[in-house]
Amino acid sequence: MRLSQAFVPTLRDDPADAEAVSHRLLLRGGFVRQLGAGIYSILPLGQRVLDKITRIIREEMARIGAQEFHLPALHPAELWKESGRWDAIGDEMFRLTDRKQADYCLGMTHEEVFTAIARDELRSYRQLPQIWYQIQAKFRDEPRPKGGVLRGRQFIMKDSYSFDVDFAGLDRAFDLHAEAYKRIFERCGVEAVPVEASSGAMGGSESVEFMAHTAAGEDWVVSCSGCGYAANLEKATSRTTTEPDTPDPAPTEKFPTPGVRTIEDLVEFEGGAPAARQIKTLVYQLEDGLALFLLRGDDALNEVKLMEAAGATQVRPAHPEEIRAALGALPGSLGAVGVRHLPIYADLRLRGASGMTTGANEDGFHLRHVDVARDIADVRWHDLREVRSGESCSRCEKPLELEKAIELGHIFKLGLRYSEKLGARVLGPDGKQSPIVMGSYGIGVDRLMAAVVEAHHDAQGIVWPLAVAPYQVVVAPPRMNDSAQADATERLERELAAAGIETLIDDRNERAGVKFKDADLIGIPFRIVPGPRALGNGCVELFERESGETSQIALDRVVDTLRQRLAV
Ligand code: ATP
Ligand code: MG
């Protein structure tokens with residue numbers, strides 16, 4: 001391809017309001033353009049990268065026996081009502097009505113549609129196992145689309161689904177995917193660490209996320225350098241077992257705390273209590289009403305743990321008016337002592353705690369000498385607290401580290417949830433009908449492209465790994481109107497094309513400096529410069545983008561040399 005005819009709209013300057021490195025460089029390099037909030041057009045160079053990535057994905061999916069589909073993005077609401085997700089999912093779903101006022105949504109994931117096909121077509125265990133997948137657009141009305149294609153409202157996903165007759169089959173399909181994902185990310189040149197993840201409230205038993213460390217990430221990964229433990233902060237635990245207190249024989253005692261609003265206020269307050277001796281009471285609105293969540297005063301609540309504990313899919317902190325109506329006081333003086341009309345969830349760290357201080361459900365008053373077991377009724381014990389950096393690993397006691405990361409893939413043991421809801425059953429070897437055991441597995445394809453850039457760039461621009469580079473080589477003659485350079489360029493163009501090497505010819509009437517800058521920005525792995533001095537020796541200059549090394553090679557050795565370098 002000749003650059004003079006190519007559509008590669010590079011930008012000299014950093015675009016405003018693009019924070020993530022990958023967002024900036026993909027815009028500047030002419031790979032993508034924004035159409036609206038979280039909506040991006042993929043331009044020709046970007047499409048070439050995505051083609052490389054999807055080819056790798058297709059090869060690895062084929063290797064585990066997966067078969068490719070292409071399903072609709074427009075889904076009748078009925079199917080999502082059958083699974084229960086029409087109501088369970090909130091604003092993230094794009095919904096629309098047709099001319100007959102029938103409800104539809106745009107697919108945010110495809111469990112429902114694939115399960116419906118399995119239900120309608122699979123009859124016997126003999127037809128299992130199956131692994132089905134597609135590479136297709138997904139639509140999610142993300143609250144904060146951000147980072148360009150890292151978090152779009154329309155994005156490309158490889159999603160696969162496994163169908164097995166039993167749970168041992170599911171385990172196999174899950175392990176096959178874990179292996180395939182490892183190879184896919186490796187081949188694309190990104191390090192994606194598998195971490196334990198929350199299965200959420202949508203059911204399922206085991207789930208693993210593949211996380212790439214980057215400052216542009218919106219997840220936190222907790223990891224231990226000692227034993228290799230790694231988990232999403234939404235799931236991570238640490239060694240925080242606290243010995244149960246010796247019971248405090250004193251009865252609870254109400255005392256005035258004028259002006260005390262926060263845990264910190266009560267620490268400072270004369271006659272108050274240290275944070276670790278306070279019970280923090282948080283009130284949340286779940287789908288079916290308010291609930292109380294108790295933690296030690298020095299601990300922070302994790303909302304995903306809250307949702308998993310309560311089996312809720314949509315939650316928000318309760319509004320002060322709702323809290324006052326339910327408990328008779330405003331935040332700052334809340335507590336669970338004596339509360340019987342609302343569910344009470346407490347973090348495991350409060351088990352056995354006594355001599356605690358908490359709000360009295362009366363503005364400006366607190367209770368001391370609270371014994372959780374004695375004074376708080378019907379507690380539902382769960383892990384609710386967020387791990388902090390430096391806490392001990394629960395396996396090996398080494399200090400845990402916290403790092404920002406982005407989720408590139410997610411593999412998930414669904415179990416029977418969708419097959420039971422939608423009635424996808426097969427006849428087993430024993431002649432009995434049983435629900436199909438399912439798994440689901442996703443990779444964000446355009447997010448993966450951005451993650452490669454996050455991992456491979458320098459001050460000059462992108463440094464594509466060979467496997468996903470839009471072109472392998474760029475030939476950049478400093479002056480096309482010099483006949484020796486033009487001849488050498490045309491010869492290289494012919495020979496490289498014949499050798500099947502993907503080459504860009506920078507035949508633009510630009511200064512050498514501009515050409516080199518653009519080649520660096522768009523990140524082509526090899527640059528060949530048939531400049532006057534090298535040509536005088538029958539040579540060209542070969543510049544390697546990643547190492548920054550330059551060497552001279554004979555003009556008639558270019559193809560062979562590149563063949564060798566590209567074969568790695
Ligand atoms: P996240 O926590 O980042 O929102 P998710 O848990 O919603 O991700 P899944 O539903 O598991 O993601 O989707 C599978 C894959 O699709 C993710 O691992 C991610 O790579 C990709 N993905 C999800 N949401 C987006 C998005 N808004 N833009 C781009 N890729 C996305
Ligand atoms: Mg999401």
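Positions are given from 1, in the same order as the sequence printed here. As the structure lists them, so they are numbered: ligands from 1, and atoms in each ligand from 1. Here the structure is a predicted model, which is why all the values come from computation and not from measurement.
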[X] neighbourhood, listing ligand 1 atoms whose heavy-atom distance to it stays under 4.0 Å:
{"X": "Gly409", "value": "18 (O)"}
{"X": "Leu408", "value": "18 (O), 20 (O)"}
{"X": "Met157", "value": "13 (O), 14 (C), 16 (O)"}

key: Which residue and heavy atom of the protein sit nearest atom 19 (C) of ligand 1, plus the separation   = Arg447 NH1, 3.4 Å
message = What protein heavy atom lies closest to atom 18 (O) of ligand 1? Include the residue and the distance to one decimal.
response = Glu407 OE2, 2.7 Å
remark   = atom 5 (P) of ligand 1: of Arg140, Arg144, Gln154, the nearest heavy atom sits on Arg140
inquiry  = Minimum distance, heavy atoms only, to atom 28 (N) of ligand 1: which one of Gly152, Gly442, Ser207, Ala192 is it?
reply    = Gly152
task = Could you tell me how the ring of Tyr441 sits relative to the ring of His177: parallel (under 30°), tilted (30 to 60°) or perpendicular (over 60°)?
result = parallel
note = Result for side chain to side chain contact (heavy atoms under 4.5 Å, CB included) between Met449 and one of Val468, Val32, Ile156, Leu150 points to Val32
task = With heavy atoms only and a cut-off of under 4.0 Å, state how Arg151 meets ligand 1: side chain, backbone, both or neither.
result = both
key: ligand 1 contact on Glu142 by region, counting heavy-atom pairs under 4.0 Å   = side chain
Do any N/O atoms on [X] end up under 3.5 angstrom from N/O atoms on ligand 1?
{"X": "Asp446", "value": "no"}
{"X": "Gly444", "value": "yes"}
{"X": "Phe155", "value": "no"}

N/O donor-acceptor pairs under 3.5 Å from side chains in residues 22-31, not counting sequence neighbours:
from, atom 1, to, atom 2, distance (Å)
Ser22, OG, Glu454, OE2, 2.7
His23, ND1, Gly148, N, 3.4
His23, NE2, Tyr40, OH, 3.2
Arg24, NE, Asp14, OD2, 3.4
Arg28, NE, Leu11, O, 3.2
Arg28, NH2, Arg12, O, 3.3

inquiry  = If we only consider heavy atoms of Ile156, is any one of them less than 4.0 Å away from an atom in ligand 1?
reply    = no
inquiry  = For Thr109, state whether at least one heavy atom is located under 4.0 Å from any atom of ligand 1.
reply    = no
inquiry  = Centroid separation under 6.0 Å, is that true for the rings of Trp132 and Tyr161?
reply    = no
request  = Measure centre to centre between the rings of Phe69 and Tyr133, then say whether the value is under 6.0 Å.
outcome  = no
ask   = Can you pull the salt bridge (Lys or Arg N to Asp or Glu O under 4.0 Å) pairs that have at least one residue in residues 127-139, sequence neighbours excluded?
value = Lys138-Asp159
inquiry  = Could you check whether Arg95 makes a cation-pi contact with Trp86, meaning its NZ or CZ is under 6.0 Å from the centre of the six-membered ring and within 45° of the ring axis?
reply    = yes
ask   = Side-chain donor-acceptor pair under 3.5 Å between Asp520 and Gln460, yes or no?
value = no
remark   = When rounded to the nearest 0.5 Å, the distance separating CH2 of Trp381 from CG of Leu348 is 7.5 Å
